[in-house]
There are 2 protein chains.
Amino acid sequence: MTEGMSLRERKKLQTRHRLLAAATELFAERGFDKVSVAEIAEAAEVSKMTVFNYFAGKEDLVLAPMEEHVGDVARTVRDRAPGESALAAVRGQYVAAVERREPSIGMSDLPVVLGVRRLIQETPALLTRAHAFSMRSFDLLAEVLVEEGEEPAIARVAGAQLIGTRNALIHANHLRLLAGESADAIAADAVALAERGFGLLAGGMGDFAVRR
Amino acid sequence: MTEGMSLRERKKLQTRHRLLAAATELFAERGFDKVSVAEIAEAAEVSKMTVFNYFAGKEDLVLAPMEEHVGDVARTVRDRAPGESALAAVRGQYVAAVERREPSIGMSDLPVVLGVRRLIQETPALLTRAHAFSMRSFDLLAEVLVEEGEEPAIARVAGAQLIGTRNALIHANHLRLLAGESADAIAADAVALAERGFGLLAGGMGDFAVRR
DNA sequence: CATGAAAATATATCGAGTCAAGAATTAATC
DNA sequence: GATTAATTCTTGACTCGATATATTTTCATG
């Protein structure tokens, strides 16, 4: 597992994991705001400075795993099959992720993952940072569309619609998970909702929410 | 102008304006991050704590005027005419705002407004806070749709699409303004772009960005 | 081993935001 | 109209996250 790694690199990974573990535990016990970085450093047996050496900010101790997925949508669109629309690619990736119960789209009901989600929802600072990730995700997607030759302005509009739709779908999953439902129970509805949600984009929402 | 106000209320307004004026000037001179709250307090002849009493955070010294518009979209949809779709209402409000050159959608080329916009674009903390406003705007819109009887999950998806589209359009205006174009020059294109952007929603974007 | 580079730490500092207590203003009671 | 009670403003001291600098430790490499 650690072959090919120098001792230094292994130790770096170890301290990184010690920090993540210590932080996760402390946050779960007392909440994000009630734990200071100094305490985390002490629990992981490093100095406070080292924490910031490994993580850009306190929030990243919770959101680091999430950051790896900021490029998922853009990559999916970039690598889509010829003849496939951006919309179809994003929808397809989301549905596939639902089937695979991927935590990145809010489909894991493992207690530890659930705890982290609850922590995020309860902590404004974490929500804000999470939303910044979504913003980066959008930027990357728009960039791909522009590279393909779409007009920048319209590319950003379409990108906002796609990312916004996807985020809303993910948020719906989060709500149900936090309400105690199982991932399997949510999955079926999630796919149906995705068809409806992306369907608004595909079929037009001119008839949606017409005032009676 | 100040009749009906107690001395206390008048002084409150005065210090608020002193704070906004001092902050705006200092930020314009040296940038958001290079000015401390203590300096602003000193310039406004008030203690540091008073600043936070008037404004929730340092960022609000710049973004306070923007906060008044978080409910614009939701209100427009709530008050739309019978027979009109949510999409038509949002599009109509945006186009009308373009015609009126409203700063809230990025259509003012007054130097002072432009300076504030530049400051926001250059400062990550301000961008983040601005995005939080957009989030609130989205929540309010979704709430309206839910009150009208739409399913919460699909209401949030549609709301994300509408708000996302609108934000992307506004951002396009910002970019051109910051590039030096006049509001009048932008307005015509802005309306056309809005028709295309909202058209993606109305007509469906199933044919958009099909890979060749 | 010795040496140079990378990383961890100690220390000091800054700046944003919070807390408990004190000062000022308004309202109420006599 | 003076005195007191209640509310609101203001303040100085403090916590905590984050940064800068310099110093020491740790590891890879010849």
Side-chain angles (χ1 to χ4, degrees), chain A residues 2-20 22-24 26-27 29-64 119-120 123-130 132, chain B residues 2-20 22-23 26-27 29-64 119 123-130 132:
Chain A
T2 56
E3 68 278 15
M5 276 190 191
S6 66
L7 174 60
R8 184 168 271 171
E9 284 169 324
R10 268 180 291 154
K11 288 193 95 168
K12 257 187 99 164
L13 269 187
Q14 280 176 12
T15 42
R16 183 187 169 86
H17 286 140
R18 275 214 316 282
L19 280 170
L20 281 175
T24 303
L26 288 170
F27 289 154
E29 281 175 15
R30 318 208 304 264
F32 186 78
D33 296 318
K34 299 293 181 191
V35 178
S36 74
V37 174
E39 286 176 290
I40 298 167
E42 193 178 0
E45 293 175 315
V46 292
S47 88
K48 192 178 83 164
M49 282 241 16
T50 304
V51 178
F52 291 107
N53 205 334
Y54 278 82
F55 297 92
K58 188 184 174 187
E59 294 88 355
D60 296 278
L61 284 161
V62 178
L63 299 175
L119 191 68
I120 294 173
T123 311
L126 291 174
L127 272 181
T128 296
R129 189 73 144 234
Chain B
T2 57
E3 67 277 12
M5 278 192 189
S6 66
L7 173 62
R8 184 176 270 170
E9 283 168 322
R10 266 179 292 155
K11 288 190 89 169
K12 254 187 101 164
L13 269 187
Q14 281 176 15
T15 41
R16 183 186 170 86
H17 286 140
R18 274 213 317 281
L19 281 169
L20 280 175
L26 288 171
F27 289 153
E29 281 175 15
R30 320 210 302 265
F32 185 78
D33 296 318
K34 299 293 182 192
V35 178
S36 75
V37 174
E39 286 175 292
I40 297 166
E42 194 177 0
E45 291 177 318
V46 153
S47 96
K48 190 180 79 163
M49 188 54 218
T50 302
V51 178
F52 292 107
N53 202 331
Y54 279 81
F55 298 91
K58 187 184 175 186
E59 294 89 355
D60 296 279
L61 284 162
V62 178
L63 299 175
L119 191 68
T123 312
L126 291 174
L127 272 180
T128 297
R129 189 72 144 232

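Below, chains carry the letters A, B, ... as their sequence lines are ordered, and counting in each starts from 1. All values derive from a computational prediction rather than experimental measurement.
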Verify the contact: side-chain N or O of B:Thr15 to OP1 or OP2 of D:dC9, cut-off strictly under 4.0 Å; return yes or no.
no
So, does the side chain of B:Lys58 form a donor-acceptor pair with the base of C:dG17 at under 3.5 Å?
no
What nucleic acid atoms does B:Val51 come within less than 4.0 Å of, heavy atoms only: base, sugar-phosphate, or nothing?
nothing
Quick check: do B:Arg18 and B:Tyr54 have side-chain heavy atoms less than 4.5 Å from each other?
no
Evaluate the side-chain proximity of B:Thr15 to B:Thr50: yes if any heavy-atom separation is below 4.5 Å, no if none is.
no
Between C:dA10, D:dT10, C:dC19, which nucleotide gets closest to the side-chain atoms of A:Met49?
C:dA10
Do any N or O atoms from the side chain of B:Lys58 and from the backbone of B:Phe52 form a donor-acceptor pair under 3.5 angstrom?
no
Rounded to whole Å, the OH-P distance (A:Tyr54 to C:dA6) equals 15 Å
Which of D:dT26, C:dA8, D:dC9 is nearest the side chain of A:Lys11? It is D:dT26
From NZ of B:Lys48 across to C1' of D:dA13 the rounded distance in Å is 10 Å
Can you tell me how far P of D:dT26 sits from CZ of A:Arg10, to the nearest Å?
16 Å
Rounded to whole angstroms, how far apart are NZ on A:Lys12 and C1' on C:dA6?
9 Å
Short N-O contact, A:Lys48 and A:Glu39, less than 4.0 angstrom
no
Rounded to the nearest angstrom, tell me the gap between atom CG in B:Leu26 and atom P in C:dG15.
13 Å
Measure the distance from CZ on A:Arg129 to P on D:dA18 and round it to the nearest whole Å.
8 Å
Between C1' on D:dT10 and CZ on B:Phe52, what's the gap in Å once rounded to a whole number?
14 Å
Rounding to an integer number of Å, can you tell me how far A:Asn53 CG sits from D:dT25 C1'?
14 Å
